[in-house]
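What you see is a predicted model, and the numbers here were worked out from it, not measured in a lab. In what follows, every heavy atom counts, from backbone to side chain, and hydrogens, waters and symmetry copies are set aside.
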Amino acid sequence: MIPVRPAGGGWSTVNDMLKYVMMELAEGKLPSGAQYISKDALLARRAPQIAIGNDATYGMGLTVDRTYGVPVVHHGGDMIGYHSDMLWLPEHGVGAVICSISANGRARSDRARTPTARSRS
């Protein structure tokens, strides 16, 4: 029994999370070109279900934030001393995965979603 685990019970690596982000950007296709999940099913997860303020919505496990004028899709997770976030800009075909081991990991990934941080990367 693991006393502390992610809420969804999932463990991963940066490399595996990047593969997932690439599949999202490829609209459900794997690097081989095989369709892993249908485009319609994949995009349905981003459809707005709950408003989060004026510029963000929550779908099926994914947040779509339009605060800076471009959709940023992301999902993250936390537990004591750790934080992870994966984000991608579907209109631009770019994405990132952030994993940190620190008490303030959430603040670091929040900064990564700002225009200033993106322009420096």
Side-chain angles (χ1 to χ4, degrees):
M1 179 183 207
I2 300 171
V4 178
R5 65 180 181 158
W11 295 95
S12 191
T13 66
V14 170
N15 289 334
D16 286 344
M17 290 172 69
L18 283 170
K19 289 176 186 176
Y20 175 83
V21 169
M22 290 188 299
M23 187 268 308
E24 284 276 358
L25 290 170
E27 298 180 330
K29 291 184 181 176
L30 300 174
S32 67
Q35 193 74 38
Y36 180 70
I37 185 171
S38 75
K39 179 180 175 180
D40 290 341
L42 187 84
L43 296 179
R45 297 173 49 249
R46 302 178 195 170
Q49 302 293 320
I50 300 169
I52 307 171
N54 293 327
D55 299 313
T57 58
Y58 189 75
M60 289 186 273
L62 298 173
T63 300
V64 180
D65 190 339
R66 292 174 178 81
T67 301
Y68 303 106
V70 61
V72 178
V73 182
H74 63 95
H75 179 85
D78 299 286
M79 55 188 242
I80 300 168
Y82 301 92
H83 177 77
S84 67
D85 203 0
M86 58 182 174
L87 57 112
W88 57 97
L89 288 73
E91 293 178 359
H92 297 279
V94 297
V97 170
I98 301 165
C99 294
S100 69
I101 302 172
S102 75
N104 63 351
R106 180 73 190 179
R108 291 179 186 189
S109 71
D110 286 346
R111 282 189 302 236
R113 288 193 294 266
T114 65
T116 304
R118 284 195 295 261
S119 67
R120 285 185 280 178
S121 54

* To do: Treat each ILVMFWY residue as a node, draw an edge where side-chain heavy atoms are under 4.5 Å apart, and state whether L43 and L30 are in one component.
  => no

* Do the side-chain N and O atoms of D65 and T63 include a donor-acceptor pair separated by under 3.5 angstrom? -> no

* Which of these passes side chain to side chain contact (heavy atoms under 4.5 Å, CB included) with V73: V21, L89, L62? -> L62

* **V72 with Y58, same ILVMFWY side-chain cluster at under 4.5 Å** => no

* Asked: Are I52 and L87 joined in one hydrophobic group, where the rule is that I, L, V, M, F, W and Y side chains link up if heavy atoms are under 4.5 Å apart?
  -> no

* Structure fact -> CD (E24) and CD1 (I37) are apart, to the nearest 0.5 Å, by 8.0 Å

* Spell out, as yes or no, whether a donor-acceptor pair under 3.5 Å connects the side chain of Q49 to the backbone of T57. => no

* **side-chain contact (heavy atoms from CB on, under 4.5 Å) evaluation trace for H75 with R45** => CA-CA 12 Å; H75 179 85; R45 297 173 49 249; over 6 Å; no

* Asked: Going only through I, L, V, M, F, W and Y residues with side-chain contacts under 4.5 Å, is there a path from V14 to M23?
  -> yes

* From L18 CG over to M86 CE, what is the distance, rounded to the nearest 0.5 angstrom? -> 10.5 Å

* Asked: Got a second to check how far M17's CE is from M22's CE, nearest 0.5 Å?
  -> 12.5 Å

* Can you find a heavy atom in the side chain of R46 that is under 4.5 Å from one in the side chain of P71? -> no

* To do: Could you grab the distance from atom CE of M60 to atom CG of L42, nearest 0.5 Å is fine?
  => 10.0 Å

